[in-house]
2 protein chains.
Amino acid sequence: MGRHREFDVDKALDAALCVFWRKGYEGASYADLTEATGVERPALYSAFGNKEELFSRALDRYYERHLNYVPDALQKSTSKEVAAHMLYSAIDLNTRYEGHTGCLNLNGLLAGSDAAESVRQRLIDVRADGEAQFRERFERAKAEGDLPASAKPDALAAYLMAVLHGMAVQAKAGFSRGTLEAVAEQALSTWPASDAAISARSSQS
Amino acid sequence: MGRHREFDVDKALDAALCVFWRKGYEGASYADLTEATGVERPALYSAFGNKEELFSRALDRYYERHLNYVPDALQKSTSKEVAAHMLYSAIDLNTRYEGHTGCLNLNGLLAGSDAAESVRQRLIDVRADGEAQFRERFERAKAEGDLPASAKPDALAAYLMAVLHGMAVQAKAGFSRGTLEAVAEQALSTWPASDAAISARSSQS
DNA sequence: GCGGTTTAATAACGGTCGTTATGAAAAGCA
DNA sequence: TGCTTTTCATAACGACCGTTATTAAACCGC
């Protein structure tokens, strides 16, 4: 007996998941959660427990619903296929939703409240500056023949930064799907050799 | 005229830098900053302005003092040397200080307050679980001959996750220097081929 | 319809956040 | 020594944080 619950627990959890995905754990306030879920705070507490438990539930659901390609990847017949499946699935996940890019797991360690938006933007800008330096450096290397003509300096710069910072961080910073795909290709291949080295190698065989 | 400043502005900024490095922007409170710097709040405000300006000053100093290997890397003669210099310098920076691992830039997007420590640990654990799955999968691939006997499954798993999450995130999660170095090696090479493919290639030449 | 039980919404709790008013202490100049 | 100026430490500010008492409303079995 007793009064019936008036909201859909699963839908509320999905809405909370999106909030955590976008703002991280600390960055997501109950004001955000009540607005996104349409459920008042005490109802969230009675349904999910405290904030940490709610986040834990959202994290579990994230792995069940959005990271469900991991088992598929693990079942591929070769390790390289496993890696490729993971990389391209992650790109898809990280860029599918415009509102919450990146990975919930990492964004929980990444994002802050709205009050820190300008700071985050500043960090993103500084990061982009660093990448631009490498892109320019690789453009120069390409002009000097250090890199083959087929080399994509922006993709190389993105790859190097991806190894430094991670693809999920790049997705959070608003990178395009195409850029992430280029990073994945580089991650699965080797660093390009110069045209001179290539011609030397082909003349050797 | 007027009273003289009783604390060293540079030392206070260095102390604040370490706090931001470890806890991120939002995660670093003025209670933390006053404790680390030994300077009371009003003095920090008069010397640096508000929190955002103090962080901006710390970020500038971080780039000047700790990321000063970037220009050196950019001056290397080949792009691969540039990448290698960056990768190994970053490993050194990310693991040099036990108190503030990783990268200040990323940790500003990563860390939260102490109250969220258990949540962060939870995320770290989940991340480690994901990596363990790939390590196990690569161990199986090694046993099946999909990977050569010289392959290091834990290094391969770390590499794949590094492409997904980034080296700085791994450093923040407490990874060893050796693991990061292995990731850098992988990032500079290609994915290992199976022993069968290697013998086929060598018999071809 | 009534009692017992569960949920709903309002409002408030103590605590901490970043920030600042306030008055005492120290320094240079007259 | 006084006067002015700057810095110092104490303490408080309003706002928001996560959390919860409190009270009204909705449901079930009788």
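Atom set for the values below is all heavy atoms of this structure, side chains included, hydrogens, waters and symmetry mates excluded. In what follows, every chain begins at residue 1, and chains take the letters A, B, ... in the order their sequences are listed. Everything quoted here is computed from the prediction, not taken from an experiment.
- Using a 4.0 Å cut-off, some side-chain N or O of B:His4 falls inside it from OP1 or OP2 of C:dG28.
- Residue B:Ser46 places none of its side-chain N or O atoms closer than 4.0 Å to OP1 or OP2 of D:dT7.
- Between the CZ atom of A:Arg41 and the P atom of C:dA12 there is a distance of 13 Å, rounded to whole Å.
- One interatomic measurement links the two molecules: CD of B:Glu35 to P of D:dA9, which rounds to 16 Å at whole-angstrom precision.
- Using a 30° and 60° split on the angle between ring planes, B:Tyr62 and B:Trp21 fall in the perpendicular class, above 60°.
- Within the structure, a side-chain polar atom (N or O) of A:Asn50 is placed less than 4.0 Å from OP1 or OP2 of D:dT19.
- Between B:Asp32 atom CG and C:dC17 atom C1' the separation is 12 Å, expressed in whole Å.
- Ion pair A:Arg22/A:Asp32 not flagged as a salt bridge, since none of the NZ, NE, NH1 or NH2 atoms sits closer than 4.0 Å to an Asp/Glu carboxylate oxygen.
- At whole-Å resolution of the value, CD in B:Glu26 and P in D:dC16 are 14 Å apart.
- Taking 4.0 Å as the cut-off between side-chain N and carboxylate O, A:Glu6 and A:Arg3 count as a salt-bridged pair.
- Side-chain N/O atoms of B:Tyr30 include one lying less than 4.0 angstrom from OP1 or OP2 on C:dT19.
- Across C:dA8, C:dT20, D:dT19, the shortest atom-to-atom separation from the side chain of B:Tyr45 is found for C:dT20.
- Rounding to whole angstrom units, CD of residue A:Glu6 and P of C:dT6 are separated by 16 Å.
- Annotation: B:Tyr30 is in aromatic contact with B:Tyr45 [ring centroid separation under 6.0 Å].
- Atom CG of B:Leu33 and atom P of C:dT19 are 11 Å apart (whole Å).
- Projected onto DNA chain D by closest heavy-atom contact, B:Arg5 and A:Gly49 fall at different nucleotides, the more 5' of which corresponds to B:Arg5.
- Atom-to-atom, NZ of A:Lys51 to C1' of C:dT16 comes out at 14 Å; the value is rounded to the nearest Å.
- One can find a donor-acceptor pair under 3.5 Å joining the base of D:dT7 and the side-chain atoms of B:Arg3.
- Panel note: side chain B:Tyr97, backbone B:Cys18; no donor-acceptor pair is recorded below 3.5 Å.
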